[in-house]
Amino acid sequence: MDRIYFDNASTTPIDKRVLDAMLPYFSDFFGNPSSVLIEEGQMPGKAIDEARERVAELIHAEKGEIIFTGSATESNNLAIKGLALANRSKGRRIIFSDIEHFSILNQADFLTDLGFQIDYVKVDGYGIIDMGDLERKVTEDTILVALIHGNLEIGTIEPIEEVARFLKKRGILLHSDGTGTCGRIPVDVKELGVDTMTLSAHQINGPKGIGALYIKRGTRLTPIIHGGFQEMGYRAGTENVPYIVGFGEAARIAREEMGERMAHLTMLSKKLREGLASSIEYIHFTGHPEKRLPGHVSFWIEFVEGESLLLWLNLNGIASASGSACASNMAAEDEGGLKASHVLTAIGVPPEICHGSITFSLWKDNTVEEVEYVLSVMPGIVKRLRDMSPLYENYKKTGARTI
Amino acid sequence: MDRIYFDNASTTPIDKRVLDAMLPYFSDFFGNPSSVLIEEGQMPGKAIDEARERVAELIHAEKGEIIFTGSATESNNLAIKGLALANRSKGRRIIFSDIEHFSILNQADFLTDLGFQIDYVKVDGYGIIDMGDLERKVTEDTILVALIHGNLEIGTIEPIEEVARFLKKRGILLHSDGTGTCGRIPVDVKELGVDTMTLSAHQINGPKGIGALYIKRGTRLTPIIHGGFQEMGYRAGTENVPYIVGFGEAARIAREEMGERMAHLTMLSKKLREGLASSIEYIHFTGHPEKRLPGHVSFWIEFVEGESLLLWLNLNGIASASGSACASNMAAEDEGGLKASHVLTAIGVPPEICHGSITFSLWKDNTVEEVEYVLSVMPGIVKRLRDMSPLYENYKKTGARTI
Amino acid sequence: MAKGPYSDIVMDHFMNPRNMGEIEDADGVGEVGNPACGDMMKLYLKIEGDRIVDAKFKTFGCGAAIASSSMTTELIKGKTIDEALKLSNEAVSEALGGLPPAKRHCSVLAEDALRLALEDYKKKKGLA
Amino acid sequence: MAKGPYSDIVMDHFMNPRNMGEIEDADGVGEVGNPACGDMMKLYLKIEGDRIVDAKFKTFGCGAAIASSSMTTELIKGKTIDEALKLSNEAVSEALGGLPPAKRHCSVLAEDALRLALEDYKKKKGLA
Ligand SMILES: Cc1ncc(COP(=O)(O)O)c(C=O)c1O
Ligand SMILES: Cc1ncc(COP(=O)(O)O)c(C=O)c1O
């Protein structure tokens with residue numbers, strides 16, 4: 001049997017149409033778009049312009065408000081560092097939500113070193129921002145808030161509009177990481193009211209190695225990569241024309257097919273979730289039950305460790321993720337790198353449980369048959385691991401639960 | 001007739017072998033290399049490892065000394081900002097040569113804003129660093145020098161070894177931008193003695209949108225893009241696996257074919273240069289006559305403006321560059337963007353002449369026939385433009401030269 | 001052919017410049033230069049009564065500079081001096097189908113050359 | 001199959017753990033846990049004279065933890081207590097064909113469980 005890929009929160013396979021759109025820009029139109037005066041540079045320049053338009057359309061922005069970067073990570077870095085540095089004279093405090101991706105959170109030391117202070121705003125048990133806490137954390141000196149739009153580990157979608165309204169009144173900027181949402185659910189940056197928003201191509205069947213940043217017209221932002229005059233001066237470096245074209249095509253397809261995809265995914269994830277709930281005891285679903293990304297099913301299972309579960313799923317031909325989808329800790333140099341998922345900790349899951357979490361992230365090509373197969377193997381794997389677990393043995397003897 | 005591409009200093013077409021090596025990583029092996037525990041992530045991880053080895057081999061580095069970035073521009077930014085920030089406590093002065101690429105020079109304001117001071121070291125008429133001036137500019141407080149290895153506008157190759165020896169004695173770090181040299185001429189980072197060095201893929205038939213940075217083992221460097229744990233912690237963001245693989249393949253091919261390429265290019269550029277010298281009056285070749293990139297022929301012609309020359313060459317099917325190959329000013333918002341090439345100004349060409357410069361950069365697929373064709377059309381174009389030039393008219397009447 | 005930064009009209013005037021050359025016995029000559037940009041423009045006028053009966057130019061410069069010179073000569077030929085003095089750089093740029101922002105000054109250069117040539121004429125005639 | 005971070009031996013012990021289970025009337029039991037990592041290991045020993053005649057384990061943990069437990073039981077079965085006490089975590093890790101750096105502590109956990117089980121045995125026997 002083919003592999004079952006339920007790890008679309010880590011990355012998605014490239015769409016054949018996207019690859020086909022890209023290929024001519026490797027060979028026939030390989031020129032440097034900065035070489036505007038020679039034929040070789042002209043088609044690539046035109047193609048970038050069109051792709052920018054496509055990405056803008058996906059989130060109801062204007063073409064001039066979209067710039068391309070090397071990754072969603074870079075977009076998040078450009079937004080936070082760029083807005084912080086451009087607004088240094090107004091204040092030095094920045095607020096991150098507790099469930100931001102590492103590409104936001106791990107900027108903290110760098111920013112602190114430059115004289116900024118980072119405050120953190122809490123989320124509730126579903127991962128939704130705590131507005132009361134935000135109100136308490138905001139100070140006269142606060143210039144910027146980062147709040148993720150859709151969290152890829154627990155699926156929760158944040159109330160960006162409400163937060164934007166709150167912040168606007170106080171003259172505080174809002175950056176939102178739309179890596180998990182742009183192209184997956186309808187996004188209208190004007191309605192959301194964000195100042196900057198990150199987009200990723202490889203989350204929507206585009207290539208890995210390109211991101212985009214929406215920068216609301218008139219927003220001042222200091223570049224972090226300096227050099228030639230590309231991307232309207234916000235990001236230097238010879239343009240990655242094939243990937244920009246691919247991102248444009250992926251955005252176009254995502255916009256056109258979004259409705260049917262969402263319906264399909266809602267059906268699949270309902271089936272998966274209900275199937276798991278009815279066949280596995282002591283399973284705990286994470287994130288918000290309704291305000292969540294379509295096709296996203298995340299949970300932890302008592303008495304079962306997540307990595308072992310993930311490995312057994314893998315051996316059964318199923319790809320999933322445990323802990324943070326994008327930042328496996330395995331590459332870490334030592335044990336110090338093995339931290340419990342900060343997202344799960346933030347929603348109140350005890351650290352010793354976090355490693356037991358699994359994220360199934362489904363996407364357009366997944367099928368009912370795949371869901372059924374996963375449902376058919378899960379109970380056996382869980383039983384096998386529980387039989388091996390001293391925690392489960394203890395529970396049977398004493399009735400002691402993990403929580 | 002097919003186009004004649006003499007603009008390989010701006011970018012090179014992708015090698016078919018490189019594209020073929022990349023393609024499986026778009027589709028069959030699309031996984032996220034951070035997902036080490038599932039099958040999908042494992043082949044990409046292995047492929048990155050092998051590509052890193054190939055790039056390391058190209059410049060005689062160790063695998064662990066190479067990290068991949070989004071462009072040569074980003075590599076230059078990471079090196080300069082990263083070394084500066086990591087060595088802030090040792091001193092605040094940084095020296096740039098006058099002929100660095102914009103991706104070095106345009107960091108000056110940002111660095112100044114962070115409390116650094118940039119000093120500039122002169123070059124001679126050939127574009128070779130002025131060692132006496134370097135000696136004068138170096139202070140107790142100097143922590144870092146940036147000196148380009150091979151300049152893509154005038155072709156000159158700098159005496160990096162000598163500079164590295166000089167700086168090492170004083171405990172000053174040396175970054176060299178090897179965009180123009182790595183893969184074009186033999187480069188041995190250990191012999192050169194650099195602390196960091198930038199490499200570009202698209203200058204050697206790899207894709208645009210990926211660069212690499214050599215970081216000598218043990219060198220402290222502050223990342224500028226923070227997030228997940230990729231590239232040994234120096235550069236966060238999901239890896240661009242196909243491009244990394246492509247860079248590896250381009251590096252392998254460049255290393256294996258370097259000898260024959262250099263011989264071929266030396267032959268072609270000699271023919272081109274001699275042909276131009278004998279058929280066009282008042283032509284001035286720029287850069288060093290011997291210490292230069294193979295296949296690189298740059299010059300300016302009296303009484304002829306460069307853009308017009310470039311446009312006529314383009315209309316004749318010939319791609320070339322004028323002024324800085326990588327940073328055409330055409331995209332600038334206004335006239336203020338139209339600055340004379342800083343490289344030509346630095347070697348003493350008067351500003352009003354700089355716009356008259358042309359760079360022919362030949363590469364492996366160029367032929368003798370192409371050189372002959374270019375030589376056959378150049379005199380006609382030059383004559384046409386001179387007939388139109390009031391400067392030439394004046395010269396004929398009064399004998400007044402441009403210089 | 002894919003489009004570059006220049007309009008088709010600019011490229012046409014660049015490739016086939018109208019009225020390129022000198023007028024030996026010109027009634028007015030205007031020469032302007034912009035050293036930073038490297039452009040140099042020389043405009044020759046033949047004037048009969050108060051009407052421009054011929055105009056020629058020589059230009060050292062970029063595509064936009066050559067096209068602006070060429071278009072300017074076309075636009076003023078047959079015009080009276082007063083009419084010609086009303087010719088703005090915007091009009092030249094517009095007639096060319098637009099110029100890239102960074103190149104607008106080329107049309108200004110043409111306007112300046114025209115003004116100087118007309119002043120030269122007036123001076124020669126003792127009118128100024 | 002492409003290689004992941006775990007060696008073939010680790011994967012073999014993970015998929016087919018040796019000596020998994022409980023010993024109801026164990027002579028020594030050692031239980032250790034690492035809450036930060038989330039691992040929990042329980043080792044049961046059957047000892048006759050000064051020789052370990054049977055060993056079983058239960059483990060809640062990652063692949064490396066399960067394989068380390070399994071390998072530890074294999075390595076100590078038939079050994080004397082003194083021999084078993086000399087078993088280092090490095091030896092376990094080595095027998096497994098190596099562990100990723102971030103997972104070395106799993107073999108330490110196994111070593112700790114073994115030591116605790118032997119102490120438990122000695123305590124029960126009044127030897128400690
Ligand atoms: C010497 C040099 N360094 C760096 C760069 C920047 O390269 P990229 O635009 O690919 O980032 C260039 C432009 O090609 C260059 O000529
Ligand atoms: C929410 C979120 N933001 C940003 C990123 C970073 O994306 P990339 O690694 O492609 O730069 C990720 C990882 O996929 C993510 O989940």
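In what follows, chains carry the letters A, B, and so on, assigned in the order in which the sequence lines appear, proteins first and then strands, with residues in each chain numbered from 1. The figures that follow rest on heavy atoms only: side chains count, while hydrogens, waters and symmetry mates do not.
Shown here are the side-chain contact (heavy atoms from CB on, under 4.5 Å) partners of A:Ala79, two or more places apart in sequence or in another chain: A:His175, A:Thr196, A:Leu213.
For a residue to count as touching a neighbouring chain, one of its non-hydrogen atoms must lie under 4.5 Å from one of that chain's; by this rule A:Leu114 touches chain B with the side chain only. Only the side chain of A:Leu85 comes within contact range of chain B, with at least one heavy atom under 4.5 Å from a heavy atom of that chain. Of the atoms belonging to A:Ser320, it is backbone heavy atoms, and not side-chain ones, that fall under 4.5 Å from chain B. If you measure heavy-atom distances from B:Thr12 to chain A, the contacts under 4.5 Å come from the backbone alone. In this structure, the portion of B:Leu23 lying under 4.5 Å from any heavy atom of chain A is its side chain and not its backbone. For chain B, no part of A:Ile80 is nearby; none of its heavy atoms comes within less than 4.5 Å.
At distances below 3.5 Å, not a single donor-acceptor pair connects side-chain atoms of B:Asn32 with backbone N or O atoms of A:Thr11.
A:Arg3 places a side-chain heavy atom less than 4.5 Å from the side chain of B:Ile38. A:Asp113 places none of its side-chain heavy atoms less than 4.5 Å from the side chain of B:Thr222.
To the nearest 0.5 Å, atom NZ of residue A:Lys81 and atom NE2 of residue B:His226 are 4.5 Å apart. Considering CG of A:Asp7 and CD of B:Glu40, their distance stands at 7.5 Å, rounded to 0.5 Å.
Shown here for B:Ile14 and A:Phe26, the closest heavy-atom pair between the two residues is CG2-O, 3.3 Å. Annotation for B:Lys208 and A:Phe30: closest pair NZ-O, 2.6 Å, computed over non-hydrogen atoms. Residues B:Asn314 and A:Leu37 come closest through the heavy atom pair ND2-O, 3.4 Å.
For A:Tyr243 and B:Tyr243, the ring centers are positioned less than 6.0 Å apart.
Counting heavy-atom pairs closer than 4.5 Å to chain A, the top-ranked of the candidates B:Lys16, B:Arg88, B:Glu239 is B:Arg88. Note: A:Asn240 leads A:Asn240, A:Asp109, A:Leu105 in heavy-atom pairs under 4.5 Å with chain B. Looking only at heavy-atom pairs under 4.5 Å with chain A, the residue among B:Ser71, B:Gly237, B:Gly70 that has the most is B:Gly237. Interface remark: of the candidates B:Ser103, B:Pro13, B:Ser27, B:Pro223, B:Pro13 forms the most heavy-atom pairs closer than 4.5 Å to chain A.
Each of A:Asn77, A:Leu78, A:Asn106 was checked for a side chain to side chain contact (heavy atoms under 4.5 Å, CB included) with B:Ile225, and the lone residue meeting it is A:Asn77.
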